[in-house]
Structures are given as C-alpha cells and as structure tokens.
Asks: 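Okay, handing you the structure first.
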Amino acid sequence: MVNNAIDHSGSPDVIVSMRRNALFTTAAVVDHGEGIFLKIQKALGLYDTREAILELAKGKLTTDPENHTGEGIFFSSRVFDLFDIRSGALHFMHDAGLSDVLIERPKDAAGTLVIMRVDNDSARTTQEVFDTFAAPEEYTFAKTIVPVKLAQYEGEKLVSRSQARRLTMRFERFQTVILDFDGVAEIGQAFADEVLRVFQNAHPNTKLIPTHMTPAVENMVERATSGR
Ligand SMILES: Nc1ncnc2c1ncn2[C@@H]1O[C@H](COP(=O)(O)OP(=O)(O)OP(=O)(O)O)[C@@H](O)[C@H]1O
Ligand SMILES: [Mg+2]
C-alpha cells in the first residue's frame, strides 16, 4: 500500500502508522494525492466514481499495466480481517466473513486512506489466500468473487443491459467468476439475460457461478441459462 502511494498517488508525502492492542493490529497508510477512486474513474473512463469500487473488487485492475499487475489491493484486502479504503466521498470496506460494502461519506476528502486490521491470533496465511483464487495446480490469479451488490446503487434495481455490462466488464480475464448475489433481492430479465446468456455465450472460457441467490434471483438466472 505504501508502494501504491509512491507509484500511483502523485502525493508529496505518505504517512504510515501502526497500532497494536491486545486483540488486533491496525496499520494505516495515508497520502495526499489524487485519490484512488478518482484516478481509476479517469483512467477507465467510468461514468460514476462508484464504479471504481466495483472494478477494484473484481481484481486485476491496474492503471499502469507496464509496471503493475493489479493484484495489490485484491489480495491485501483478503489477507486482512478488515480492509478499508477511504477517498473522496467514498469508502470501500472489506470485512472477512462479511460481504463488501460501499458507504458514501458526507464530504469530499483529498488523497487516499487505507486501513488494514489483522487479529493478533489470525491463523490465515498468505499462501492459502493466493490458493483460494488460483486455478487448481496453478499459481495464477484465475478466480474472483464479485459482490453483485456493488453494481447496484442505492434506490436502484439491476434491470438493464447496460448495468449488466458494467458488471461483466473485464470478467473475460478470469477463468472463474463467482457472482455473489448477497444483498440483491431481485434482478430484471434483461440484466440476467445479458450476464448469464449473452456474456456467457460470448466468453465460454469464463465460467460464471452464481451464489447466495434469493428465489427471485434464482428464477431469473434459470430463465436466462435455460435459453442458452
Ligand atoms: N494511493 C493511491 N492513490 C491513487 N491511486 C491508487 C492508489 N493506490 C492504488 N491506486 C490505483 O488503484 C489501482 C489498483 O491498485 P493495486 O495495488 O491493486 O494494483 P497495482 O498497484 O496497479 O498493481 P500491483 O499492486 O499488482 O503492483 C492502481 O493501478 C492505481 O490506479
Ligand atoms: Mg499495488
């Protein structure tokens, strides 16, 4: 994360702090640069800054492919028990055991703040985290878990083909994409058709695996996949 501040933020300084209590250890890395979400939004030409969070959650996202692979935040967020990025008005939190959330912050703050917390008695190893997302017998980054909820903004429903394309953007870089529908009550027919039939037919080498579906979501997914 310190290297991220150095290579990507354009900040003149970076502040690192660490605190340890009886239960856990928390580290924070702060810079006063461009801001991570804004930087990603600009580089990818995203319509909404919130889409930057969805892209980070997918993994393999880098704005500097010559020098980077886009694995830093994806894997760091899963090694820690709590991983938190705040920048501008947005706040991305990954809590082990809970699903990813997007919280909107009231006011714009400059730069990027990354907070990482690990339980002092954590038994998690970096190797097991890498193995979770690798293809069997390989060391590649082949699999990802995408919280579909991040494509759904407050007060919106996932109904359209354009929302679906936002979700499936860059999916073809993975062999397996687990679609985690946690927090999504229902989806529309066109959305489901675009993801599970149109995208899937166009990219047969990427396997889509939906999980945590409500009966309403499952019904739409079944309709779309039976039409393939
Ligand atoms: N502190 C920051 N300020 C501005 N942008 C950032 C910052 N940290 C990360 N980013 C943006 O987020 C992207 C993803 O970061 P991540 O660490 O996951 O990948 P990477 O640094 O590009 O590649 P790798 O970590 O594998 O070398 C970066 O390419 C950059 O665009
Ligand atoms: Mg990095």
Side-chain angles (χ1 to χ4, degrees), residues 1-18 26-96 100-105 107-118 124 126-127 129-135 138-147 150-151 166-167 169-175 177-178:
M1 294 307 109
V2 171
N3 183 260
N4 275 355
I6 295 167
D7 283 1
H8 305 301
S9 77
S11 174
D13 58 359
V14 50
I15 300 166
V16 181
S17 70
M18 181 114 84
T26 307
V29 178
V30 180
D31 70 60
H32 302 95
E34 178 173 4
I36 181 168
F37 304 133
L38 216 57
K39 170 145 191 153
I40 294 170
Q41 180 186 10
K42 275 192 206 154
L44 272 67
L46 305 175
Y47 176 71
D48 191 308
T49 323
R50 292 176 294 187
E51 286 173 49
I53 292 182
L54 173 63
E55 291 309 308
L56 272 177
K58 290 175 190 173
K60 291 195 191 187
L61 172 78
T62 184
T63 53
D64 183 9
E66 252 173 59
N67 302 301
H68 292 272
T69 55
E71 300 187 0
I73 289 171
F74 184 88
F75 285 105
S76 302
S77 67
R78 284 161 171 92
V79 164
F80 287 93
D81 291 300
L82 184 91
F83 186 92
D84 201 326
I85 305 180
R86 301 173 195 195
S87 184
L90 297 179
H91 180 163
F92 173 65
M93 194 163 86
H94 181 89
D95 195 334
D100 297 4
V101 289
L102 186 169
I103 302 161
E104 290 190 44
R105 294 204 293 162
K107 62 179 195 313
D108 273 29
T112 301
L113 161 64
V114 183
I115 298 169
M116 294 155 277
R117 196 180 83 195
V118 66
R124 197 178 300 115
T126 46
Q127 190 59 50
V129 174
F130 283 118
D131 290 347
T132 308
F133 299 98
E138 282 179 40
Y139 295 102
T140 51
F141 178 17
K143 187 166 117 186
T144 189
I145 301 175
V146 179
L150 290 181
R166 215 151 67 193
L167 180 71
M169 188 164 105
R170 300 188 310 109
F171 272 12
E172 66 281 359
R173 299 190 188 186
F174 297 91
Q175 287 172 28
V177 176
I178 297 176

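In listed order, ligands and their atoms are each counted from 1.
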Asks: Is there a polar contact between ligand 1 and Gly72, counting only N or O atoms under 3.5 Å apart?
Replies: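 So ligand 1 has an N or O lying under 3.5 Å from an N or O of Gly72.
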Asks: Note the single closest protein heavy atom to atom 26 (O) of ligand 1, along with its residue, its atom name and the distance in Å.
Replies: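 So the nearest neighbour among protein heavy atoms is Thr69 OG1, 2.8 Å.
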Asks: Taking the six-membered ring for Trp, are Phe133 and Phe75 parallel (under 30°), tilted (30 to 60°) or perpendicular (over 60°)?
Replies: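 Perpendicular.
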Asks: Write out the residue and atom name of the closest protein heavy atom to atom 8 (N) of ligand 1, then the distance separating them to 0.1 Å.
Replies: Asn4 CB, 3.3 Å
Asks: Mind checking the CG-CE spacing from Leu82 to Met93? Nearest 0.5 Å is all I need.
Replies: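 The CE atom of Met93 is 6.0 Å from CG of Leu82, to the nearest 0.5 Å.
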Asks: How close do His32 and Ser11 get, heavy atom to heavy atom, and via which atoms?
Replies: N-OG, 2.9 Å
Asks: Quick test: of every protein heavy atom, which one is nearest to atom 22 (O) of ligand 1, and how far off is it to 0.1 Å?
Replies: Thr62 OG1, 2.6 Å
Asks: Specify the protein heavy atom at minimum distance from atom 27 (O) of ligand 1: its residue, its atom name, and the distance to 0.1 Å.
Replies: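 Nearest neighbour among protein heavy atoms for atom 27 (O) of ligand 1, to 0.1 Å: His68 ND1, 2.6 Å.
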Asks: To check your reading of the model: name the closest protein heavy atom to atom 29 (O) of ligand 1, its residue, and the distance in Å.
Replies: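 For this ligand atom, the closest protein heavy atom is Thr63 N, 3.0 Å.
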Asks: State whether the side chain of Lys143 and the backbone N or O of Ile178 hold a donor-acceptor pair below 3.5 Å, judged by distance alone.
Replies: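 Answer holds: no.
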Asks: Identify the protein heavy atom lying closest to atom 13 (C) of ligand 1, giving its residue, its atom name and the separation to 0.1 Å.
Replies: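 Protein heavy atom with the smallest distance to atom 13 (C) of ligand 1: Leu61 O, 3.9 Å.
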Asks: As an exercise, identify every atom of ligand 1 less than 4.0 angstrom from a heavy atom of Ser9.
Replies: 1 (N), 2 (C), 3 (N), 4 (C)
Asks: Below the 3.5 angstrom mark, is there an N/O of Asp31, backbone or side chain, next to an N/O of ligand 1?
Replies: yes
Asks: Please determine if Lys60 forms a cation-pi arrangement with Phe141, meaning its NZ or CZ atom is less than 6.0 Å from the six-membered ring centre and no more than 45° off the ring axis.
Replies: yes
Asks: Is Gly70 in contact with ligand 1, taking contact as a heavy-atom separation below 4.0 Å?
Replies: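 Judged by the 4.0 Å heavy-atom criterion, Gly70 does count as contacting ligand 1.
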Asks: Is there side-chain contact between Asp31 and Ile15, with at least one heavy-atom pair below 4.5 Å?
Replies: no
Asks: Taking atom OG1 of Thr49 and atom NZ of Lys39, what is their separation to the nearest 0.5 Å?
Replies: 15.0 Å
Asks: Rounded to the nearest 0.5 Å, what separation is found between the CD atom of Glu55 and the CZ atom of Arg166?
Replies: 10.0 Å
Asks: Could you tell me whether the side chain of Arg86 reaches within less than 4.5 Å of the side chain of Phe92, counting heavy atoms only?
Replies: no
Asks: Quick test of your reading of the model: are Arg124 and Asp81 salt-bridged, counting only N-O distances below 4.0 Å?
Replies: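 Yes.
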Asks: Please state which part of Ile73 comes within less than 4.0 Å of ligand 1, counting heavy atoms only: side chain, backbone, both or neither.
Replies: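 Both of them.
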Asks: Cation over ring, Arg78 on Phe74, under 6.0 Å and within 45°?
Replies: yes
Asks: Regarding Thr62 and Asp64, do their side chains bring together a donor and an acceptor under 3.5 Å, going by distance alone?
Replies: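 Result is no, nothing qualifies.
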Asks: At distances under 2.8 Å, what protein N, O or S atoms surround the Mg ion (ligand 2)?
Replies: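 Correct list: Asn4 OD1.
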Asks: At under 4.0 Å between heavy atoms, which part of His8 makes contact with ligand 1: side chain, backbone, both or neither?
Replies: both
Asks: For ligand 1, note which part of Ile40 has a heavy atom under 4.0 Å away: side chain, backbone, both or neither.
Replies: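 The answer is the side chain.
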Asks: What protein heavy atom lies closest to atom 5 (N) of ligand 1? Include the residue and the distance to one decimal.
Replies: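 So the nearest neighbour among protein heavy atoms is Ile36 CA, 3.5 Å.
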Asks: How far apart are the closest heavy atoms of Thr112 and Gly35, and which atoms are they?
Replies: OG1-CA, 3.4 Å
Asks: Any nitrogen or oxygen of Asp64, side chain or backbone, less than 3.5 Å from one on ligand 1?
Replies: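 No, no N or O pair falls under 3.5 Å.
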